[in-house]
Amino acid sequence: MADTTGNPTDAHVTTPEPPLRKASWRHIGPGIVVAATGVGAGDLVATLIAGSNFGYTLLWAAVVGCLVKISLAEAAGRWHLATGRTLFDGWASLGRWTTWFFAVYVVIWGFVYGAAAMSSSALPLQALFPDVMDLKWWGVACGLVGLVFVWFNKYAVFEKVMTVLVGVMFLVTVYLAIRVTPHLGDALAGLLPVLPDEKDSVLNTLGLIGGVGGTITLAAYGYWVNAKGWTDTGWMKVMRLDNRVAYITTGIFVVAMLFVGAELLHSANIAIASGDKGLVQLSDILEDEYGTATAKFFLIGFFATSFTSLIGVWHGVSLMFADFVARYRGRGELKGEEVATGERERSWPFRAYLLWLTFPPIVLLFQGQPFRLVILYGVLGAAFMPFLALTLVWLLNSSRTPRAWRNGLLSNAMLAVAGLLFLVLCVKQIWDQPWSEFF
């Protein structure tokens with residue numbers, strides 16, 4: 001994708017710019033992390049269901065979804081590198097309302113998400129080893145392993161492990177896509193922007209676009225950029241290459257699973273459940289069609305997909321929470337250099353949020369999720385993405401960002417589209433909640 005700022009370095013910049021480093025594949029890292037974390041089992045199921053319901057018709061929507069996320073992650077990374085400040089520091093400059101929104105969001109979201117992530121990681125393990133222990137205890141084990149791993153390892157080790165797991169995800173999804181023998185002519189036709197001929201087709205299409213790897217991890221991308229050691233504009237070209245690689249990788253995952261849905265499920269008129277259990281159903285279908293080895297291979301990929309999301313959130317959102325606490329304690333401007341030193345990963349707020357993601361959600365694994373809390377989780381989760389898109393538009397068009405790195409026309413257009421898309425999905429999500437049962 002082309003440079004979206006539309007503003008080359010010019011004489012308006014009063015301080016000398018650091019030399020631009022060459023965009024090299026050897027630097028790739030944070031993008032792999034954000035791709036692995038952002039694409040969870042739920043995204044794969046949603047894409048499978050889209051393929052099973054509509055064949056290749058919505059392939060174009062999956063591609064558009066990846067382009068939207070490229071723009072959002074690029075904007076978050078550009079803010080960190082252009083200003084030297086963290087994203088939470090930028091949010092705080094917009095008013096106290098951003099601090100209150102983030103505080104409520106990160107507490108409620110983390111509590112419910114922790115249980116969901118542990119359960120999602122446990123499902124393929126129980127399917128692989130059905131006689132070892134109960135699903136709930138597999139979930140507890142996954143949460144504890146994630147806690148210990150993130151607690152005792154810094155970003156460099158975390159990135160390497162994520163890269164290995166992404167490699168597993170890549171091999172599994174591409175293998176499955178080839179195994180089902182896709183009709184490439186039909187797939188190419190799916191790149192034409194056509195809506196399915198059914199009720200609510202527009203909202204279903206927008207949901208697929210918005211759901212391709214779209215979570216708080218897009219905001220965490222800038223923190224991982226800093227954790228990698230990229231803290232100034234000299235890394236801008238490297239960050240942009242890294243970000244494109246992230247969402248090309250995401251696109252391959254999503255397109256591969258849409259192929260599986262279109263060829264394996266749509267052609268045979270097979271329906272699967274929404275949610276993570278749909279992937280367990282798919283493993284049974286794969287075993288019937290292609291044998292036990294293919295089904296086991298898929299379950300390994302399913303685990304890699306779920307566990308990367310777990311440890312990615314355990315690390316990235318804990319970094320953001322540590323930044324939030326630093327700002328709350330009045331430490332002045334929050335600099336990317338502090339993230340780069342690893343100071344945040346050693347801090348008590350980072351580790352406190354790790355514990356919050358792990359131990360309180362274990363209660364939900366055994367007792368079920370409180371109804372009202374799940375509704376609030378859904379509302380806050382739906383509100384976060386429009387919040388991210390619209391605040392990035394605000395920050396990157398203001399004097400808070402050096403003129404040379406403010407948004408250009410293309411970046412503004414993409415962020416505006418993202419903001420509008422997520423706003424529509426937010427309104428729909430809020431509207432669909434069973435409010436009459438809440439009160």
Side-chain angles (χ1 to χ4, degrees), residues 34 38 68-69 71-113 210 214-226 313 316-336 338-339 344 347 349-350 352-353 356-357 376-402 405-407 411-412 414-416 418-427 429-430:
V34 77
V68 167
K69 307 311 183 314
S71 300
L72 280 165
E74 189 274 344
R78 176 154 45 94
W79 165 265
H80 277 250
L81 296 182
T83 65
R85 299 159 62 191
T86 64
L87 185 56
F88 189 82
D89 196 49
W91 284 338
S93 73
L94 300 178
R96 292 181 64 85
W97 66 274
T98 60
T99 301
W100 286 110
F101 173 80
F102 181 80
V104 174
Y105 171 83
V106 81
V107 170
I108 294 177
W109 181 88
F111 183 45
V112 180
Y113 179 84
T215 68
I216 190 175
T217 53
L218 284 165
Y221 178 62
Y223 288 85
W224 285 322
V225 163
N226 287 157
V313 166
V317 184
S318 297
L319 271 180
M320 296 181 70
F321 182 77
D323 209 41
F324 158 73
V325 172
R327 179 77 189 196
Y328 182 77
R329 295 170 67 190
R331 292 184 55 183
E333 275 194 3
L334 303 175
K335 299 289 190 180
E338 294 180 44
V339 180
R344 292 277 189 270
S347 67
F350 180 91
Y353 194 72
W356 175 253
L357 283 167
L376 291 175
Y377 167 80
V379 170
L380 288 168
F384 184 81
M385 291 303 287
F387 167 79
L388 174 62
L390 297 174
T391 52
L392 283 171
V393 170
W394 191 346
L395 289 170
L396 293 167
N397 284 287
S398 71
S399 58
R400 297 173 180 83
T401 304
W405 301 107
R406 291 179 197 166
N407 279 356
S411 189
N412 273 327
M414 292 296 289
L415 290 178
L420 182 61
L421 163 69
F422 290 116
L423 195 58
V424 170
L425 293 174
C426 176
V427 171
Q429 178 82 356
I430 293 172

Nearest heavy-atom neighbours spanning Cys426 and Pro386: CB-CG, 4.1 Å
Only counting residues at least two apart or in another chain, list the ones meeting side-chain hydrogen bond (donor to acceptor under 3.5 Å, both in side chains) with Arg85. Asp89
Could you report the tightest heavy-atom contact between Ala82 and Thr401, atom names first, then the distance? CB-CG2, 4.4 Å
Working to the nearest 0.5 Å, report the span between CG of Leu380 and CD1 of Ile430. 9.0 Å
How far apart are the C-alpha atoms of Thr83 and Arg78, what are their side-chain angles, what is the distance that settles it, and do they pass the side chain to side chain donor-acceptor pair (under 3.5 Å) test? CA-CA 8 Å; Thr83 65; Arg78 176 154 45 94; over 6 Å; no
For Arg406 and Ser399 the tightest heavy-atom approach is NH2-CA, 3.5 Å
Pairing residues for Ser318 by the side-chain hydrogen bond (donor to acceptor under 3.5 Å, both in side chains) criterion, not counting sequence neighbours: none
From CZ (Phe384) to CG (Leu218), nearest 0.5 Å: 8.5 Å
Heavy-atom check, side chain of Arg344 versus side chain of Leu334, under 4.5 Å: yes
Partner residues of Val106 under the side-chain contact (heavy atoms from CB on, under 4.5 Å) criterion, sequence neighbours left out: Phe102, Val317, Phe321, Tyr353
Pairs touching residues 378-392 that satisfy side chain to side chain donor-acceptor pair (under 3.5 Å), sequence neighbours left out: Trp91-Thr391
Should the ring pair Tyr105 and Phe101 be called parallel, tilted or perpendicular, given that the plane angle runs from 0 to 90° and is split at 30 and 60? parallel
Mind checking what makes side-chain contact (heavy atoms from CB on, under 4.5 Å) contact with Leu376, not counting sequence neighbours? Ile108, Phe438
Can you see which heavy atom on Gly110 is nearest to which on Leu357, and at what distance? O-CD2, 3.5 Å
Taking side-chain hydrogen bond (donor to acceptor under 3.5 Å, both in side chains) as the definition, give me every residue that meets it alongside Ser398, ordered by chain and number, with sequence neighbours left out. Arg400
Taking only residues two or more places apart in sequence, or in another chain, which ones meet Phe350 in a ring pair (Phe, Tyr, Trp, His ring centres under 6.0 Å)? His315
State, with a plain yes or no, whether a side-chain heavy atom of Leu319 is found less than 4.5 Å away from one of Trp224. yes
To the nearest 0.5 Å, tell me how far Ser411 OG sits from Met414 CE. 8.5 Å
Looking only at heavy atoms, the pair that brings Leu395 and Ser93 closest together is CD2-OG, 4.0 Å
Should Leu392 and Leu87 count as side-chain neighbours, where that means a heavy-atom distance under 4.5 Å? yes
For Thr99, the side-chain hydrogen bond (donor to acceptor under 3.5 Å, both in side chains) test, sequence neighbours excluded, returns none
Distance alone, cut at 3.5 Å: any donor-acceptor contact between the side chains of Arg327 and Thr86? no
Who passes ring pair (Phe, Tyr, Trp, His ring centres under 6.0 Å) against Tyr223, sequence neighbours left out? His80
Using the test ring pair (Phe, Tyr, Trp, His ring centres under 6.0 Å), find all partners of Trp100 that sit at least two apart in sequence or belong to another chain. none
All heavy atoms of Ala103 vs all of Phe324, minimum pair found to be CB-CZ, 3.7 Å
Can you tell me how far CG of Leu388 sits from CD1 of Ile216, rounded to the nearest 0.5 angstrom? 9.0 Å
Suppose we screen for side-chain contact (heavy atoms from CB on, under 4.5 Å). Which residues come up paired with Ala418, at least two apart in sequence or across chains? Val68, Leu72, Ala389, Phe422
